[in-house]
Amino acid sequence: MRSAGCVFAEEEARLLLAEASGPAQLAVNVRRRVEGVPLEHILGWAEFADLRVLVAPGVFVPRRRTGLLVNEALVLLPDHPEPVVVVDLCCGSGAVGAVILHRATGVELHAADIEPAAVECARRNLEPLGGHVHAGDLFQALPRALKGRVRVLVVNAPYVPTEAIPTMPPEARLHEPALSLDGGPDGLDFHRRVAADVHEWLAPGGSVLIETSERQAAGTSGLLAEAGFQVKTVRSEELDGTVVLGTMVPATAVPGTAVAPV
């Protein structure tokens with residue numbers, strides 16, 4: 001496995017040994033891994049933010065950096081006497097929502113994705129925890145009854161520029177759906193769509209959090225600022241993650257004004 005380019009060959013070998021039902025299955029799984037199949041797709045699960053999340057072939061594998069998106073969302077979710085609506089757009093496996101449901105109380109969680117395999121996987125992860133999963137394109141997937149009620153909206157939409165897709169590791173570009181990776185010419189197509197439509201869904205004082213790259217953070221924050229949000233950019237070197245947080249601008253504030261990134 002190491003000769004095939006598996007950086008963490010020893011650790012992966014231990015996981016494959018632990019999960020295999022016998023020598024025959026182990027041999028098959030090792031062969032698949034050497035051929036470049038993501039380890040998580042072979043195991044059927046991924047470790048994310050200290051939680052084991054079910055994944056399946058054709059479903060985006062949750063990245064460690066997305067833990068920053070979860071952490072920033074949880075900061076906005078103190079205990080409430082009544083359920084607070086949280087929405088996870090482009091939810092993939094449902095990993096973000098699953099961690100939120102495990103760590104926060106009083107949350108009514110809705111998740112949505114356009115990929116059928118991702119929707120099925122998210123349902124397996126979220127419905128046992130009380131979450132609701134919807135199929136469709138961004139906000140079109142959500143029940144209309146959620147308009148004006150969403151306290152926290154988390155978005156891990158595709159943000160890889162189209163021309164950069166061929167440079168991605170084979171594990172991603174060959175085994176994860178293109179719709180979960182390709183963010184358009186500059187990687188910000190989905191962020192534009194979210195910024196354009198998010199207002200009608202947020203509750204007063206609600207927030208939108210978008211995972212982006214360090215390079216694209218200025219573009220993402222600019223889109224939210226232009227849409228009338230106060231904007232803060234959060235960066236974690238430890239997780240190699242970047243999140244842009246937008247909050248509703250008070251009526252007395254000037255639309256388009258952004259607070260300085262931190």
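Here the structure is a predicted model, which is why all the values come from computation and not from measurement. Below, each value reflects all heavy atoms present in this structure, side chains not excepted, and no hydrogens, waters or symmetry copies.
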Handout entry: Basic-acidic side-chain contact under 4.0 Å: Glu40, Arg52
Key = no
Exercise for the section: For the residue pair Asn71 and Leu239, establish whether any side-chain heavy-atom pair is separated by less than 4.5 Å. Expected result: yes
Completion exercise
Closest heavy-atom pair, Pro38 versus Glu171, reported as atoms and distance to 0.1 Å, is CG-O, 3.7 Å
Problem - Salt bridge flag under 4.0 Å for residues Asp240 and Arg235 - result: yes
Fill in the blank from the handout: Tightest non-hydrogen contact, residues Ser221 and Val244, listed as CA-CG1, 3.8 Å
Problem - Transitive ILVMFWY side-chain link Val84 to Ile100, under 4.5 Å - result: yes
Problem - Which atom of Ala112 lies closest to which atom of Ala141, heavy atoms considered - result: CB-CB, 3.7 Å
Practice task
Measure the CG-CG distance between Asp113 and Asn156 for me, rounded to the nearest 0.5 Å.
Solution key: 10.0 Å
Exercise for the section: State, to 0.1 Å, how close Thr233 and Ala217 come at their nearest heavy-atom pair, and which atoms those are. Expected result: CG2-CB, 4.0 Å
Problem - Spacing of Tyr159 atom OH and Leu188 atom CG [to the nearest 0.5 Å] - result: 11.5 Å
Handout entry: Polar side-chain atom of Ser213 near backbone of Gln216 as donor-acceptor pair, under 3.5 Å
Key = yes
Practice task
Look at the side chain of Arg144 and the backbone N and O of Leu142, then say whether any donor-acceptor pair between them is shorter than 3.5 Å.
Solution key: yes
Exercise for the section: Mind checking the NE2-CG spacing from His110 to Leu153? Nearest 0.5 Å is all I need. Expected result: 12.0 Å
Exercise for the section: Using a cut-off of 6.0 Å, state whether more than 12 heavy atoms not belonging to Glu238 lie near its atom CD. Expected result: no
Practice task
Evaluate side-chain contact (heavy atoms from CB on, under 4.5 Å) for Arg192 paired with Asp189, printing each intermediate quantity in order.
Solution key: CA-CA 5 Å; Arg192 289 188 183 89; Asp189 280 3; 3.3 Å; yes
Handout entry: Nearest non-hydrogen partners of Pro158 and Leu179, listed with the distance
Key = CG-O, 2.9 Å
Practice task
Please check if Leu224 and Leu89 belong to a single hydrophobic cluster, counting links between Ile, Leu, Val, Met, Phe, Trp and Tyr side chain heavy atoms closer than 4.5 Å.
Solution key: yes
Problem - Glu163, CD atom: more than 12 neighbouring heavy atoms under 6.0 Å - result: no
Problem - Distance-only side-chain donor-acceptor flag, Glu176 / Ser180, under 3.5 Å - result: no
Handout entry: Lys/Arg-Asp/Glu bridge criterion (N-O < 4.0 Å) met for Arg124, Glu120
Key = no
Exercise for the section: Considering only NZ, NE, NH1 and NH2 on the basic side and carboxylate oxygens on the acidic side, decide whether Arg63 and Glu211 come within less than 4.0 Å. Expected result: no
Problem - Polar side-chain atom of Arg173 near backbone of Ala178 as donor-acceptor pair, under 3.5 Å - result: no
Handout entry: Gap separating the CD1 atom of Ile210 from the NE2 atom of His191, nearest 0.5 angstrom
Key = 5.5 Å
Practice task
Verify the cluster assignment for Leu245 and Leu223: are they in a single hydrophobic cluster under the rule of side-chain heavy atoms below 4.5 Å apart?
Solution key: no
Fill in the blank from the handout: Note: Ala117 and Pro57 closest approach over all heavy atoms is CB-O, 4.5 Å
Practice task
Determine whether Arg103 and Asp50 make a side-chain contact, defined as any pair of heavy atoms from C-beta on separated by less than 4.5 Å.
Solution key: yes
Practice task
Working to the nearest 0.5 Å, report the span between CZ of Phe60 and OG1 of Thr66.
Solution key: 6.0 Å
Handout entry: Side-chain (His41) to main-chain (Val59) donor-acceptor, under 3.5 angstrom
Key = yes
Exercise for the section: Please answer whether the main-chain N or O of Val243 pairs with a side-chain N or O of Thr212 as donor and acceptor at a distance below 3.5 Å. Expected result: no
Practice task
Mind running side-chain contact (heavy atoms from CB on, under 4.5 Å) on Val234 and Leu68 for me, showing each step along the way?
Solution key: CA-CA 8 Å; Val234 182; Leu68 179 63; 4.1 Å; yes
Handout entry: Joint cluster assignment, Ile42 & Leu54, ILVMFWY side-chain distance < 4.5 Å
Key = no
Handout entry: Residue pair Arg31 / Val37, side-chain heavy-atom distance below 4.5 Å
Key = no
Practice task
Look at the aromatic rings of Phe139 and Trp201 and report parallel, tilted or perpendicular, splitting at 30° and 60°.
Solution key: parallel
Fill in the blank from the handout: So CE of Met248 and CG of Leu202: to nearest 0.5 Å the spacing works out to 6.0 Å
Handout entry: Pairwise side-chain contact, Leu146 with Glu108, heavy-atom cut-off 4.5 Å (strictly under)
Key = yes
Practice task
Please check if Leu129 and Val55 belong to a single hydrophobic cluster, counting links between Ile, Leu, Val, Met, Phe, Trp and Tyr side chain heavy atoms closer than 4.5 Å.
Solution key: no
Handout entry: Any donor-acceptor pair under 3.5 Å from Gln140 side chain to Gly136 backbone
Key = no
Problem - Flag, side chain of Arg32 to backbone of Gly36, donor-acceptor distance under 3.5 Å - result: no
Practice task
Would you sort out whether Phe190 and Val155 count as a side-chain contact (heavy atoms from CB on, under 4.5 Å), showing the intermediate values?
Solution key: CA-CA 9 Å; Phe190 290 94; Val155 183; over 6 Å; no
Handout entry: side-chain contact (heavy atoms from CB on, under 4.5 Å) between Val61 and Ser93, intermediate numbers included
Key = CA-CA 7 Å; Val61 176; Ser93 64; over 6 Å; no
